[in-house]
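Just so you know, ligand 1 is whichever comes first in the structure, and atom 1 is the first atom listed for that ligand.
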Amino acid sequence: MEKRLFITFMITLNKNIKKFTEELDKTIRESKKILLVSHINPDPDTLGSQIALWHVIKLKYKNKKIHLYNKNIEKTKTLKEILDAVNYIKNKTDNFYDLIIGLEPSNFERLGLKKNLKFRKIFIIDHHLTLNKESFKNYDCTIYFDPKKEACTEIIYDICKVLKVNISLQIKKAIILGILSDTVFLKYAKSKLSFKILYELIDENINLREFNKALLCFEIKDYKEIIKILKNAKFLKGRIAIFNLANSKLSNEKRSMIYEFARFLRDVILYIFIDKNQKIYEYHLRSDYIDVSRISKIFNGGGHKNAAAFNSPLKPKKIIEQIKKLIK
Ligand SMILES: [Mn+2]
């Protein structure tokens, strides 16, 4: 490993989209090899941001080698209909990049990069309340952070505006996907800005039914698995609902649909969805009453006030005990 004893790195937290984009523009121009990274356990917003930015860079800059990376990516048929390039995302990288751009990772660890990966600069674009900028302190890092944005793709939209990039149909679709996914088809939308962007981007080439199908619909073959998950739900004090998906045969994509699909009981104050990826448990939290980002941050996870997630090797029993104490 390279020793970095004589170099002090700077984290720049930029809240001005124009300045940030100009800095990004300059850095992309200086870079030959670029890696775009979506966060571990990817959701459609991080993937949409990654694909949209990929198109932006391809449209605007010539002769760049751009790789798309996600640690846990799996082949997808459903999202492919909207995100044309999603299957270009690989779970492998080269050993060196001039520039890494991380899309809403919350912290460095959630980029899922291999330990020996070297790079000159890293740019982070995020809207998660759980952003931990300290986690990037060992790198030459520039961060753009705007927690008022309801989707990370809304920031990519702003970047397009500053760069004066012509927003192609593929970019449009990726941006819309992020907004519809993070607001659950506007069900939880709070900001007029989301509506404004949709108003501007939606045209006769955009079919919202396609997005609904990709984001929220299962298939007949999933029926039995869904029933099993619902049937085994547990309720603590009638206020906390626990759904265990750890042994479910549903694909990752479909399992994450359950987190919204099963959120239909108005007197539940906290939903805990337990999932498992190899030996690591994933805990996905949803609530209309509690700030779940504070819980997930304690466990080094990421997310928002009403929807957050974290990974842990600890068994559900222990985690649930701890969460119960936290929300007392
Ligand atoms: Mn997001």
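Judged purely by distance below 3.5 Å, without hydrogens or angles, the side chains of Thr12 and Asn14 never pair a donor atom with an acceptor atom. In summary, the side chains of Ser135 and Glu109 do not present any donor paired with an acceptor at a separation below 3.5 Å, with no hydrogens or angles considered. Side-chain atoms of Arg110 and Asn107 include no donor-acceptor pair closer than 3.5 Å.
A salt bridge is defined here as a Lys NZ or Arg NE, NH1 or NH2 lying under 4.0 Å from an Asp or Glu carboxylate O, and Asp94 with Lys65 fails to meet this definition.
For the Mn ion (ligand 1), the neighbouring protein N/O/S atoms at less than 2.8 Å, given as residue and atom, are Asp45 OD2, Glu104 OE1, His127 NE2, Asp182 OD2.
In this structure, the side chain to side chain contact (heavy atoms under 4.5 Å, CB included) partners of Phe96, at least two apart in sequence or on a different chain, are Asp98, Lys118, Arg120.
Checked options Phe299, Tyr271, Phe310; the residue passing with Tyr283 is Phe310 (criterion: ring-ring contact (aromatic ring centres under 6.0 Å, His included)).
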